[in-house]
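Reading through the structure tokens given below for one structure.
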Amino acid sequence: MKKLVTKRVLLLVAAIGLGFSTTLSVTGETTGTTEAPPLSISSEQISDNSSTTTSTGSAPSSESSDSQVSSTTERNSSSTVASSSAPESTTSSDKSNNVAPLMTTDSEKLAVRSLEQCQMYGDFTGSIAIYRLNKEIKQLEEWPDAPSLTLSTLKIGQKVTTSSNRLFYGITVNSETVYLPEESLTLLGSYELIDQYASVTKKATPIFSDAALSAQIGTTDSYYQKTYRLTEKLISVDGTSHYLLFDNQKNKIGYIAASALSDPDKTSIAGTWLKAEGYASNLKASGKFFRNRELTSFRSLGNYLGKTIKINGKYHHFNGQTYYSVYANNGT
């Protein structure tokens with residue numbers, strides 16, 4: 001008797017090219033720790049006469065995870081470097097009409113001991129004086145006709161220490177850098193410019209429109225398991241982290257707590273791995289197998305047309321499509 005040998009090849013298949021002969025189910029939380037398979041296929045490659053249900057949960061067993069491609073994360077290392085000049089100020093909508101008080105009497109000049117670049121947020125509460133920097137003699141001088149400021153949340157780009165150990169923070173207003181004494185600001189935390197991706201892994205988590213985390217605009221319910229671009233990491237003074245999210249149309253989603261997102265350092269543009277089990281058949285001739293999550297390497301379904309393939313996981317890609325991890329069994 002001939003012995004039937006089954007060869008298993010892991011593929012990541014765009015779900016638009018699959019037809020499903022069984023059902024799949026979706027339950028549980030997403031995970032981002034399992035490596036991706038080498039090939040993918042879009043959900044739109046699946047025939048309409050098949051049905052699926054999918055489930056979310058822990059990463060696949062060691063047998064399947066050994067076949068999956070390691071995650072790649074897109075970074076823009078230059079975006080995390082502090083700007084050489086102070087960033088633009090931002091304003092909170094509920095305070096934008098409140099002009100800060102400015103009262104000066106005798107002009108004060110303060111020798112500068114050190115100047116550091118920084119990336120911070122602070123709530124401006126008003127100041128009796130605003131200063132500018134005389135670079136030639138390294139001195140802060142009162143600026144009676146300085147650009148007007150509003151009581152709002154500001155981006156801080158510089159930190160100055162004077163020879164008398166007074167601390168000032170520099171912000172940019174209308175292309176001009178002004179310096180405010182530390183007592184005129186309530187520091188909210190630091191921020192870092194990044195270029196990463198993450199999937200939303202929890203529901204009922206607040207979304208904020210501002211870095212002060214004071215204006216809630218919704219929750220994560222409608223964004224659950226979808227993948228977004230991260231452009232900023234905010235670390236509040238209490239140590240908690242929030243990320244600023246955008247969709248693939250460059251629309252701002254808002255600030256979401258890190259605890260409700262997959263780990264950006266382990267998440268690629270394809271998103272985090274989600275549990276899905278079942279079989280697919282009736283592959284479409286126009287479909288493609290993708291070898292990586294960036295979808296830059298692919299080949300036609302060719303030899304797999306008319307065959308049944310096994311599904312073991314899926315991804316909700318940043319581009320809005322769903323891709324399945326699949327295995328091909330030559331004995332079926």
Original post:
Rounded to the nearest 0.5 Å, what separation is found between the OH atom of Y243 and the CD1 atom of I194?
Top reply: 5.5 Å
Subject >> CG (D221) with more than 12 external heavy atoms under 6.0 Å >> reply: yes
Subject >> Verify same cluster id: W143, L154 (apolar side-chain graph, 4.5 Å) >> reply: yes
**OP:** State the NZ-CD distance between K314 and Q225, to the nearest 0.5 angstrom.
**Re:** 6.0 Å
**OP:** Can you spot which of I253, D210, I207 makes a side-chain contact (heavy atoms from CB on, under 4.5 Å) with I217?
**Re:** I207
Original post:
Can you name the residues that form a side-chain hydrogen bond (donor to acceptor under 3.5 Å, both in side chains) with N134, not counting sequence neighbours?
Top reply: E141
Original post:
If you round to the nearest 0.5 Å, how far is CG of N312 from OH of Y324?
Top reply: 12.5 Å
Subject >> H242: ring pair (Phe, Tyr, Trp, His ring centres under 6.0 Å) partners, not counting sequence neighbours >> reply: none
**OP:** Kindly compute the distance separating CD (E142) from NZ (K109), expressed to the nearest 0.5 Å.
**Re:** 10.5 Å
Original post:
In terms of heavy-atom contacts, does NZ of K138 have more than 12 from other residues, nucleotides or ligands at under 6.0 Å?
Top reply: no
Original post:
So how far is it from L245 CG to I256 CD1, rounded to the nearest 0.5 Å?
Top reply: 4.5 Å
**OP:** Begin from the C-alpha positions of R293 and Y197 and carry the test side chain to side chain contact (heavy atoms under 4.5 Å, CB included) through to its verdict.
**Re:** CA-CA 12 Å; R293 300 188 198 182; Y197 298 90; over 6 Å; no
